[in-house]
Amino acid sequence: MKEYEEIKELVKKSGSILIAGHIMPDGDCISSVLSAGVGFERLGKKVLMIVDDEIPWYYYEFPDVARIRTADALPDFDYDLIVVLDASTPDRVGRVQKVLGTKTTVVMDHHGTNTMFGDVNLVIPTIGSTAQLVFMLNKKLGVHYDPLLATYNFMGIATDTGFFRYSNADLKVFEDAAELVGFGARPNDISNAILENRLPEELKLFADVVANMKLECDGMLAYSYVSREMFEKYGLPDHSASGFVSELRAMKGVEVAILFTERSDGSIHASMRSKKMFDLREVAVRFGGGGHPQAAGFSVKGRTLSQVIDEVIPYVVKQLKKAAARGGLL
Ligand code: AMP
Ligand code: MN
Ligand code: MN
């Protein structure tokens, strides 16, 4: 694709590069930022890696995560190029949004809902993870891969495919993952850090989420919530609820699962997952967010948890009934 060549030339001619991932960072975001950051450094570039949000504590098991900064670090860094990773809209980069376009801006992403807000946009919705786009770019640039960089790069492929279980786990995912294992990536380090690291309080919070769970549409829709009070009961941060929605989807008969969380900034975030027959993107975009057919989300400001639930659930019920009536697999 011509975008790869354009981005390769832009990186080559830039001395210092600002790399930004998205707020509410997930494994693909962190993996992509680290892989681009460490990769470009190996070409002699100066880099600043930014994720303008709190990074879940367990990612700090990977040493370079401690080098990722918030947008507070922006004023002290001069750069020739901006590379935005895994973010579908400009608001997803937090306060980095203010500097987008002040220098040539590259967007690399795999969300079908991407608004193409860069000067160069490498957006491939059929690829499992943004980390794979970074892997391809790094290879084209001649970046040297050792076990550490390979592990960082593997992480996004693993997390965005639900550790190779979701429908996006295709041949290319397995090929890229295998190539990275060939470079020394350690998949077990990643699953240990991310999957085998739950705090007792997180399990207790999850028990409360299950206790609050409601089913609609003959059990096809499962939803629940985490209020401020619930987070505070266990002294847990916002991101501690991030894996719960997949557990709701995992129930037999459930097609769509939604978890509403009341975040510390007062916004309400809806995390949505579907199994097969329901494309979540329309719902996500309708409420101001985005995502993938089977994993999407949105955040709403200025409304209470129950107001958002009361607005979203009837709409999803209606759309889900329509989809079921169509008998429709995607
Ligand atoms: P989450 O449920 O927050 O983990 O997000 C699931 C998917 O939806 C991910 O692919 C996110 O990138 C995407 N997503 C979540 N929130 C938003 C948002 N506010 N705007 C655009 N995409 C979002
Ligand atoms: Mn992401
Ligand atoms: Mn992703």
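Indexing begins at 1, ligand by ligand and atom by atom, following the structure's order. Computed from a predicted structure; not experimentally measured.
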If I compare all heavy atoms of [X] with all of [Y], which pair ends up nearest, and what's the gap?
X	Y	value
Leu81	Thr104	CD1-O, 3.5 Å
Glu61	Ala193	OE1-CB, 3.6 Å
Ser267	Lys301	CB-CG, 3.9 Å

Do other residues, nucleotides or ligands put more than 12 heavy atoms under 6.0 Å from the [atom1] atom of [X]?
X	atom1	result
Lys103	NZ	yes
Lys214	NZ	no
Phe287	CZ	yes
Asp218	CG	no

Mind checking whether His269 has a heavy atom under 4.0 Å from ligand 1?
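True for this residue.
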With a cutoff of 4.0 Å, is Ser242 in contact with ligand 1, counting heavy atoms of the residue only?
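Ser242: no contact with ligand 1 (<4.0 Å).
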Arg273 contact mode with ligand 1 (heavy-atom cut-off under 4.0 Å):
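Side chain only; the backbone of Arg273 stays clear of ligand 1.
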Closest to atom 21 (C) of ligand 1 (judged by heavy-atom distance), picking from Ser267, Ala241, Gly290, Ser299
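Ranked by closest heavy atom to atom 21 (C) of ligand 1, first place is Gly290.
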Out of Ser271, Ala295, Ala296, who gets a non-hydrogen atom closest to atom 2 (O) of ligand 1?
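Result: the heavy atom closest to atom 2 (O) of ligand 1 is in Ser271.
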Minimum-distance protein heavy atom relative to [atom]:
atom	result
atom 10 (O) of ligand 1	His111 NE2, 3.0 Å
atom 11 (C) of ligand 1	Arg92 NH2, 3.5 Å
atom 15 (C) of ligand 1	Gly297 CA, 3.5 Å

Under the criterion salt bridge (charged side-chain N to carboxylate O under 4.0 Å, His left out), I'd like the reasoning laid out for Lys172 against Asp176: C-alpha separation, chi angles, the key distance, then a yes or no.
CA-CA 6 Å; Lys172 182 78 181 137; Asp176 287 343; 3.2 Å; yes
Without swapping roles, check the side chain of Asp28 against the backbone of Thr130 for a donor-acceptor pair under 3.5 Å.
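Looks like yes, one N/O pair under 3.5 Å.
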Could you tell me if the ring centre of Tyr152 sits under 6.0 Å from that of Phe183?
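No, too far apart.
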Is the shortest side-chain N to carboxylate O distance from Arg69 to Asp52 below 4.0 Å?
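No.
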Considering the heavy atoms of [X], write down every atom of ligand 1 situated less than 4.0 Å from one of them.
X	result
His292	10 (O)
Phe298	16 (N), 19 (N)
Ser88	21 (C), 22 (N)

Min N/O separation Met24 to ligand 1 under 3.5 Å
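The answer is no, given that Met24 and ligand 1 share no N or O pair closer than 3.5 Å.
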Geometric class of the His111/His292 ring pair [parallel <30°, tilted 30-60°, perpendicular >60°]
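The rings of His292 and His111 lie parallel, inter-plane angle below 30°.
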Please name the atom of His110, restricted to N, O or S, that is closest to the Mn ion (ligand 3).
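Going by distance to the Mn ion (ligand 3), the closest N, O or S atom in His110 is NE2.
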At a cut-off of 2.8 Å, list the protein N/O/S atoms near the Mn ion (ligand 2), residue plus atom name.
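Listed by chain and number, the atoms are His22 NE2, Asp26 OD1, Asp26 OD2, Asp86 OD2.
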